[in-house]
Amino acid sequence: MHVPEKVAARLHELGAELRRDVSLAEHTSLGIGGTTDEILLRRHETIPQIMRLLADERIPHKFLGGGTNVLVDDGDLPFVVLHLPSSSPGMHVEGKAAYVDAAADLGGTVTFCAKHDLGGMEGLIGVPGSVGGALRMNAGAYGTQIGPHVSEIELYRATTGEIETLRGSDINFDYRHTSFAPDDVMLRVKLELPSKPYKEILAGIKVCNEKRRSSQPLNQKSAGCIFKNPPGGSAGRMIDELGLKGHRVGDATISDRHANFFVNVGHARCADMLKLIDDVRERVRTAYGIELENEVIVWRN
Ligand code: EPU
């Protein structure tokens, strides 16, 4: 989608940077996605005005965080993408609280907190993506989720059109699901973390990294787990039991290492990945009577 010149001029006045014809294949860990204009939100305080401008001009938009849990359609996309600049995000510690910008890398945040003797997030070390994306999805791994550590969050709230600060207890953090509205934009978080010696945190981080390296295809293009685990079950185990590892549609392939990771082994198209997802959902439904729900977020044209 092409932002009209008069809107581009107004965005510039509001301190946002417009990038034309950005390939989302280059901004997503799956390496799949078409092209559109991207708006870099360089000033938090003008976000409400920018959102109003996009609404007034009827410009559909989506917010992209780290791009690690999203499957984007191919071709010319009918929406623009909003993005927070990720270079040198703010991070500082006061007592047992870490204040972190949403654009910060999640793994980098875990390490930063560890260096200040703040632990509790070791399990999240290898979860790719931004802090904002982790908050929205309530990212988790190895028994840790980010939600319980959230003390306060500053966000643009779609319902009020303003920047607000919410308490962690005002938000429902469930398994890979939160009560944020789709158009809310995470800006900054205060994490309340337990004190722990750096060496102890480092040992925990090492264990999680090793587990992940041995069970997940880390050097391939993926969006992490494609499906949520059904209550009490494991999507990966079920897909594996059905003998589907290595099954492929075009260049979209089920990983040999972890059956809930679908990897792009070449030039997979969104349609290939969607076909693979639907095939697997159907096979699991037939064999187990369970309807798998997507964990990956799909942006269709
Ligand atoms: N298993 C298999 N075959 C496979 C994959 C898994 O038999 O191909 C078995 C494992 O041996 C194990 C069980 O299934 O007994 C569970 O597997 P694993 O420990 O790998 O965990 P998971 O439930 O598949 C979840 C999260 C991951 C997270 C890991 C570690 C979901 C959908 N997935 O995977 O998160 O990294 O636990 O805590 O909740 C993600 O969210 O994208 C993600 C990758």
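For ligands, and for the atoms within them, numbers begin at 1 and follow the listed sequence. Quick caveat, the model's predicted, so the values are computed rather than measured.
Taking each heavy atom of V249 and D272 in turn, the nearest pair found is O-CB, 3.3 Å. Nearest heavy-atom pair across T109 and M121 is CG2-CE, 4.3 Å.
Ionic pairing of R10 and E57 is not present here: no N-O contact between side-chain nitrogen and carboxylate oxygen is shorter than 4.0 angstrom. Salt bridge status for R20 with E5: present, with a side-chain N to carboxylate O gap under 4.0 Å. With salt bridges taken as basic N to acidic carboxylate O contacts below 4.0 Å, none links E295 and K228.
Relative orientation of the F262 and F227 rings is perpendicular, given thresholds of 30° and 60° on the angle between their planes.
Sorted by chain and number, the residues within 4.0 Å of ligand 1 by heavy atom are A141, Y142, Y175, R176, R212, Q216, G224, C225, F227, N229, S234, G236, R237, D240, K245, H258, A259, N260, F261, E295.
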